[in-house]
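Every heavy atom of this structure was used, including side-chain atoms; hydrogens, water molecules and symmetry mates were not. Chain A is the first sequence line, chain B the second, and so forth, proteins listed ahead of strands; every chain is numbered from 1. These numbers were taken from a predicted model, which means no experiment stands behind them.
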There are 2 protein chains.
Amino acid sequence: MLKELLGKPRMSETARSSKGGKSVTLREVSEAAGLGMSTVSRVIRNHGSFSAETRMRVMEVVERLGYVPNRLAGALASSGSNLVGIVIPSLHNIVFPDLLSGVAAALDPVGYQSVIGVTDYDLAREEALIQSMLAWRPAAFLIVGLEHTDRTRSMLAASGIRTAELFDTDGEGIDIVVGFSQREAGAVSARHLLAKGYRSIGYVGPDFGTDPRSAKRYNGFRAVLSENGLDFVDQELLAGTSSTEAGRAALERLLARGWKLDAVYFSNDDFAMGGLFHCIASGIEVPSQLAIMGYNGLDIGRFAPQPLTTVLTPRAEVGEIGARLILDGSPSTVVETAFKLVEGATT
Amino acid sequence: MLKELLGKPRMSETARSSKGGKSVTLREVSEAAGLGMSTVSRVIRNHGSFSAETRMRVMEVVERLGYVPNRLAGALASSGSNLVGIVIPSLHNIVFPDLLSGVAAALDPVGYQSVIGVTDYDLAREEALIQSMLAWRPAAFLIVGLEHTDRTRSMLAASGIRTAELFDTDGEGIDIVVGFSQREAGAVSARHLLAKGYRSIGYVGPDFGTDPRSAKRYNGFRAVLSENGLDFVDQELLAGTSSTEAGRAALERLLARGWKLDAVYFSNDDFAMGGLFHCIASGIEVPSQLAIMGYNGLDIGRFAPQPLTTVLTPRAEVGEIGARLILDGSPSTVVETAFKLVEGATT
DNA sequence: TACCAAGTTGGCAGCGCTGCCAAATACGGC
DNA sequence: GCCGTATTTGGCAGCGCTGCCAACTTGGTA
């Protein structure tokens with residue numbers, strides 16, 4: 001999209017110093033320190049016993065030689081890495097950066113590192129990513145949702161690597177599951193709109209094949225409508241990334257089709273903000289002429305001139321809890337976290 | 001922030017199948033196939049020569065035993081991993097997820113994996129992250145900006161690992177540099193506002209210690225003001241994450257101080273959207289009473305009811321070019337990419 | 001028929017580190 | 001001064017794979 005406005009990159013070459021040679025090894029450190037390799041290794045990992053003086057000596061040499069332990073070798077020898085495989089559908093939905101922050105909060109203090117893969121909501125790609133991550137023998141996997149290919153599931157099971165599935169509790173998990181019911185999140189939204197008296201409700205969201213969680217919210221919402229003898233009056237299903245742009249255009253098309261809607265449920269706040277912008281731009285009074293409801297609790301929605309009614313989800317917490325449980329060696333379990341409907345001024 | 005609205009997580013324990021045992025090794029595959037290890041290894045890496053029949057036989061056994069090569073061992077033996085260390089300041093500024101997408105576009109097709117670290121704009125943390133990533137002997141590093149601790153610089157140099165520094169060309173790079181002049185981006189913004197006739201300009205941005213690139217834009221902007229015998233009339237420097245909320249509050253404070261401003265330059269679109277929202281909410285006419293200018297070219301700004309004037313930056317491209325150059329073994333170089341001022345309706 | 005090049009295959013020594021075990025040393029208590 | 005226990009240390013065999021080299025097949029060729 002931006003490609004066209006980039007000039008041809010201008011290059012200016014410079015000389016570059018030679019590629020570095022062999023790096024310092026444990027053996028070299030041990031020789032320089034006049035100690036055995038095992039002793040040096042113990043000091044470096046701060047594991048096992050050694051005298052204060054030995055420690056001193058090792059540290060001094062490590063510093064002087066600029067020794068950097070090789071974890072490839074370490075992990076191979078001890079059969080256990082400190083890498084955690086994280087597989088998410090996208091980085092363009094703020095949910096996932098938030099999730100990663102939570103995960104980092106749990107991982108960093110204990111020295112684990114994240115290997116991140118992005119699936120673009122493609123389960124086959126998820127399978128491929130997990131397979132190649134498996135080659136690094138990560139300490140754990142954090143993945144999103146409960147929908148996976150059979151092969152993904154069996155690879156994970158066969159590997160014996162602990163796995164946390166995040167963000168969704170509507171279904172069967174593999175090992176640890178942390179999240180909340182997406183159906184219920186949809187249902188709560190529906191109840192809110194109904195309680196406010198809206199009856200002609202439209203829907204804007206990604207097409208159903210894409211995001212299973214979105215589809216579950218849709219179903220949860222619709223189930224409540226149905227209990228009340230209603231259904232969505234009309235809907236716009238969108239392919240591609242969630243964006244303000246797409247949401248704005250979708251609402252415009254929806255309204256152009258002429259149904260008399262009094263509210264629209266957007267599957268997330270990016271779309272909803274686009275919808276809200278459309279209303280502001282075309283002079284549609286919100287919520288008196290049209291109510292708007294989103295999902296996620298984005299910062300931008302909450303501090304908009306007219307705060308968006310939405311469902312605030314504990315993204316970072318889900319990530320943090322998931323990471324923590326897995327590293328703590330918790331037994332398989334399902335952790336249900338809360339979410340919260342936040343009433344703004346758009347409903 | 002969200003903690004208080006989380007209930008105590010509800011746990012429900014379940015039995016879990018035993019942790020997986022030893023995984024299948026190359027040797028086991030070779031024995032099962034009645035071939036030598038080297039041969040099997042060649043087939044699996046598709047490297048070297050072997051007959052079609054051998055290939056068949058190996059594949060069949062691999063499939064049957066569910067063999068997953070151990071890259072720890074592979075990388076150790078061949079001294080070269082396919083991991084790329086990526087170190088970014090934050091995930092909450094859309095710039096960086098965009099960057100990661102670009103990087104992934106270059107890395108995925110060639111089977112490299114990203115190990116990602118987040119510094120929170122802390123150079124000491126950057127140093128620590130790079131040091132621990134070094135232990136995995138990554139194939140390359142992608143880092144942000146030209147400001148690093150001396151130790152970071154010397155570790156990178158000593159390691160001999162190729163490094164691309166992204167997003168900024170105002171300064172001396174270590175190896176490969178891809179980006180554009182942040183000073184110039186600031187200067188262009190200033191020229192735009194001056195050309196539009198604004199003279200009393202305020203600034204809202206992160207405090208200067210935090211984000212060097214932001215500070216460079218500020219300086220570039222100010223240099224142009226100065227050439228015209230002007231300076232910022234007033235400014236609000238913010239600690240913490242860029243957010244709509246912070247931008248909105250900052251503009252409110254700025255205006256409350258009573259200077260007669262006719263424009264405000266925001267160091268990014270998140271802040272700028274907050275500013276715009278404040279104006280809309282308090283009935284300040286934009287741009288006739290107050291002009292607003294941002295930076296980044298966020299989707300949400302471009303599709304706001306009143307599109308934001310901003311500077312569109314080629315985030316994904318910077319990442320993609322950086323990753324590609326590094327993997328292609330390009331010599332040290334500086335690649336200057338374009339950015340573009342996009343005039344919306346807020347100036 | 002002998003001989004060579006090209007195509008295949010197997011053997012084996014590491015890559016750098018950790019885990020285990022044995023050896024060396026230190027420290028008390030009688 | 002001797003012995004048992006606790007603390008420190010070193011040696012060495014792998015972890016699973018790749019790189020190198022030698023060995024073996026082929027199928028032509030002189």
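Note on A:Ser30: nothing from the nucleic acid sits closer than 4.0 angstrom, heavy atoms only.
If you take CD of A:Glu31 and P of D:dG10, they are 12 Å apart, rounded to a whole angstrom. Rounded to an integer number of Å, the gap from CE of A:Met56 to P of D:dT9 is 13 Å. Counting to the nearest Å, the C1' atom of D:dC15 and the CG atom of A:Leu76 are 4 Å from each other. Per the geometry, CG belonging to B:Leu35 stands 7 Å off P belonging to C:dT9, to the nearest Å. When the C1' atom of C:dG10 is taken as reference, atom CZ of B:Arg27 falls 12 Å away, rounded to whole Å. A:Arg55 places its CZ atom 17 Å from the C1' atom of D:dT9, with the value rounded to the nearest Å. As a whole-Å value, the separation of B:Phe50 CZ from C:dT8 P is 9 Å. In this structure, CD of A:Glu53 is placed 12 Å from P of D:dT8, rounded to the nearest angstrom.
Ionic pairing of A:Asp175 and A:Arg162 is present here: one or more N-O contacts between side-chain nitrogen and carboxylate oxygen are shorter than 4.0 angstrom.
Residues A:Glu317 and A:Thr337 bring no donor and acceptor atom of their side chains to less than 3.5 Å of each other.
In this structure, CG on B:Leu100 lies 5.5 Å from CG on A:Leu91, to the nearest 0.5 angstrom. Rounded to the nearest 0.5 Å, atoms CE (B:Met37) and OG (B:Ser30) are 6.0 Å apart.
Among B:Thr163, B:Ile143, B:Thr149, B:Ile161, the single residue meeting the side-chain contact (heavy atoms from CB on, under 4.5 Å) criterion with B:Ile130 is B:Ile143.
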Filtered N/O pairs between nucleotides 18-22 of chain C and protein, under 3.5 Å:
residue, atom, partner, partner atom, Å
C:dT18, OP1, A:Arg45, NE, 3.4
C:dT18, OP2, A:Ser41, OG, 2.5
C:dG19, OP2, A:Arg45, NH1, 2.8

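At the phosphate of D:dT7, neither OP1 nor OP2 sits under 4.0 Å from any side-chain N or O atom of A:Ser49. OP1 or OP2 of D:dT9 lies within a sub-4.0 Å distance of a side-chain N or O belonging to A:Ser51.
Annotation: salt bridge (Lys or Arg N to Asp or Glu O under 4.0 Å) contacts involving residues 139-161 of chain B, sequence neighbours excluded, comprise B:Glu127-B:Arg151, B:Glu147-B:Lys216.
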Q: Determine, stepwise, if the pair A:Arg42 / A:Thr54 fulfils side-chain hydrogen bond (donor to acceptor under 3.5 Å, both in side chains).
A: CA-CA 10 Å; A:Arg42 263 176 242 128; A:Thr54 300; over 6 Å; no
